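See below for the structure under consideration.
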Amino acid sequence: MLKAAMINLISKYSVVIVQLILNFILARLISPQEFGIVAIITVFTSFFSIFSDMGIGTAVVQYKNLTKEEYQDLYSFSHYLSIILSFVFVGVGYIVSIFYNNSIYIKLGLILGVSIFFTTLSVVPSAIMLKEQRFLEIGLRTLLSAVISGSITIILAFCGFSYYAVVLQSLLQSLFVFIWNRLRVPLKAKLKFNLNSLKKIFSFSIYQAMFQTINYFAANTDTILVGKTLGEASVGLYDKAYKLMTYPMTMFSGIIVPVLHPILSNYQNNKEKMYQYLIQIYRILFYFAIIVSSICFFAPKEIIYILYGSKWNMATTTFRILSLSIITKMCNSITGAFFQSLGKTKNLFKTGCISTIIIVGFTFIGVFGGSIESVATFVSIGYFFNFFIAYYFLITEGFHKSFREFLKITWKPYFIYIILIFTTFFVSIPNVNVFLSLFIKGMITIMIYVLLLLLLNEWNNFKNVYSILRKRNRK
């Protein structure tokens, strides 16, 4: 797992660097309102990507006895599905244009409809590559698609293509992945295919698909409501702050999560071994998330200014509030892979239903506050409750363990985090260069963190996490 994670680390960090450079340039060429338009239409693209998968990709990884003929059947089905979804999405563009009273969504819907077509065709080949644990190739594919599409996007933005440049990036990435998969995974589509192949994975994939659907509403209701009630400029600011908050997930949990299910599925009959992996990975994520979240909370102005420029300063408070949910989202990101590996997608769906009701409910409360800051506040509260709900069901129904025992490894790091946040909240730094200010605040946060670890006798646990990584690296 560590070997796969290290491969994924290199590719993910490379992609993150490319994305940061891309955002650094685009944020200075495209206005918050234009980014808001892209954010709104992208929300609906995300919804259709759920149907492009329908849980089939996850099922391909989980089921070890699928034959080549069954792969061909699933791939053939995806061709029919891709055509249907792309045409439907073009129609959605018209509906979105009416809902937000802006005809530009019609043209953007046409572009993204093509992107959904290629995305759907890539589901089965990508899942086969994951199942075969071709992580190095997947990482290379991801990096090259990001570099090529990002370079073209920057050129288009400089030429004045505005939000078209950002939307075309999505199309270019999906096209690149499709071409790569077509060359590297030899699958042939058939005009007629055997429905038994779909029936074989149905009981697993249906709950996975339903979970992804309700999880979509939990993750995107805020963007839809902010765009409708507060305007496109506000949703542009909110979306930038939210995506910036998710970068730490990409940099840490994003390294581990993609390789979890393909590897853990081999231990689906050994729950105790899988539970040990859960505890180890959970500790690693939690300890890193504390320091990352604290720095983002302490230095939001510096981070926003360096990455996006001065015209995005209005997103500073929103980003600061959302940074408080980094821990819960980062640690929560691994629960799905464990549910899947245990074969308990039904439990995953049930967890998702409860979490969605809570998060969407808090989002509505935040929207009534009339500002993106109030939305960020209540969304963060919703993710806090979601964290405990997901782990409660995973520990008690997935592993049949005591949730109280699990909480014993959680309360002390969380206590350290709370003290760290309150301490840095009252610390002020003199007006200095923005880069120097970020460095000083980062050093202050790290020193306070280490001091708290020592005072609360948590330093040994922190070192144990480090020793686990070193031990597995030597192996």
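Note: hydrogens, waters and symmetry copies are ignored here, and every other heavy atom, side chains too, is used. Given the structure is predicted, the values throughout are model-derived calculations rather than measurements.
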Which atom pair, heavy atoms only, marks the closest approach of S126 to V177? OG-CG1, 4.3 Å
Output for pair (I281 CD1, C331 SG), nearest 0.5 Å, gives 11.5 Å
Please list, chain by chain and in numerical order, all residues satisfying ring pair (Phe, Tyr, Trp, His ring centres under 6.0 Å) with Y383, sequence neighbours excluded. none
Rounded at 0.5 Å granularity, tell me how far CD1 in I41 sits from CG in L108. 6.0 Å
Keeping to residues at least two apart or across chains, list the salt bridge (Lys or Arg N to Asp or Glu O under 4.0 Å) pairs with something in residues 357-386. none
Would you name the heavy atoms of T142 and S145 that are closest together and state the gap between them? O-OG, 2.8 Å
Not counting sequence neighbours, which residues clear side chain to side chain contact (heavy atoms under 4.5 Å, CB included) with V185? List them please. P125, I128, M129, R134, L187
CD1 of I104 to CD of E34, rounded to nearest 0.5 Å, is 10.0 Å
Those residues at least two apart in sequence (or on a different chain) that pass salt bridge (Lys or Arg N to Asp or Glu O under 4.0 Å) with D222 are none
I'd like to know whether the aromatic ring centres of Y391 and Y282 sit less than 6.0 Å apart in this structure. yes
Partner set under salt bridge (Lys or Arg N to Asp or Glu O under 4.0 Å) for R184, not counting sequence neighbours: E137
What is the distance from atom CG of L112 to atom CZ of F44, rounded to the nearest 0.5 Å? 12.0 Å
Only pairs at least two apart or in different chains count here, so list each salt bridge (Lys or Arg N to Asp or Glu O under 4.0 Å) that has a residue in residues 302-316. E302-K441
Contacts of type salt bridge (Lys or Arg N to Asp or Glu O under 4.0 Å), residue K350, not counting sequence neighbours: E397
Looking only at heavy atoms, what is the nearest atom pair of G227 and I40, with distance? CA-CD1, 4.1 Å
Verify whether the ring centers belonging to F364 and F368 lie closer than 6.0 Å. no
State yes or no: are the ring centers of F319 and W312 separated by less than 6.0 Å? no
With sequence neighbours left out, write down each residue that passes salt bridge (Lys or Arg N to Asp or Glu O under 4.0 Å) with R141, or none if nothing qualifies. none
Of the non-hydrogen atoms in S293 and Y417, which two are nearest, and what is the gap between them? OG-OH, 2.6 Å
What are the two closest non-hydrogen atoms of Y305 and S310, and how far apart are they? CE1-CB, 3.8 Å
Residues forming a side chain to side chain contact (heavy atoms under 4.5 Å, CB included) with I295, sequence neighbours excluded: I291, T445
Looking at residues at least two apart in the chain, or sitting in another chain, which of them share a side chain to side chain contact (heavy atoms under 4.5 Å, CB included) with I358? I354, F362, F385, I389
Taking everything shown except F161 itself, do over 12 heavy atoms lie less than 6.0 Å from its CZ? no
With a 6.0 Å cut-off (strictly less than), is the heavy-atom count around CZ of R28, excluding the residue itself, greater than 12? yes
Between the side chain of S371 and the main-chain N/O of S374, is any donor-acceptor distance below 3.5 Å? yes
Write down the atom of S78, the atom of L121, and the distance for their closest heavy-atom approach. O-CD2, 4.0 Å
Pairs under 3.5 angstrom only: tabulate donor-acceptor contacts from the side chains of residues 151-159 to other protein residues two or more places apart or in another chain.
unit_1 : atom_1 : unit_2 : atom_2 : d
S151   : OG     : V147   : O      : 2.7
T153   : OG1    : S149   : O      : 2.7

According to side chain to side chain contact (heavy atoms under 4.5 Å, CB included), who are the partners of S174, at least two apart in sequence or on a separate chain? S115, F118, T119, L171
Looking at OG1 of T328 and CG of N386, how far apart are the two atoms once the value is rounded to the nearest 0.5 Å? 7.5 Å
To the nearest 0.5 angstrom, please state how far the CZ atom of F117 sits from the CG atom of L81. 11.0 Å
Check for me whether the distance between the ring centres of Y75 and Y71 falls short of 6.0 Å. no
So for atom CG, which belongs to N433, do other residues, nucleotides or ligands contribute more than 12 heavy atoms lying within a distance under 6.0 Å? yes
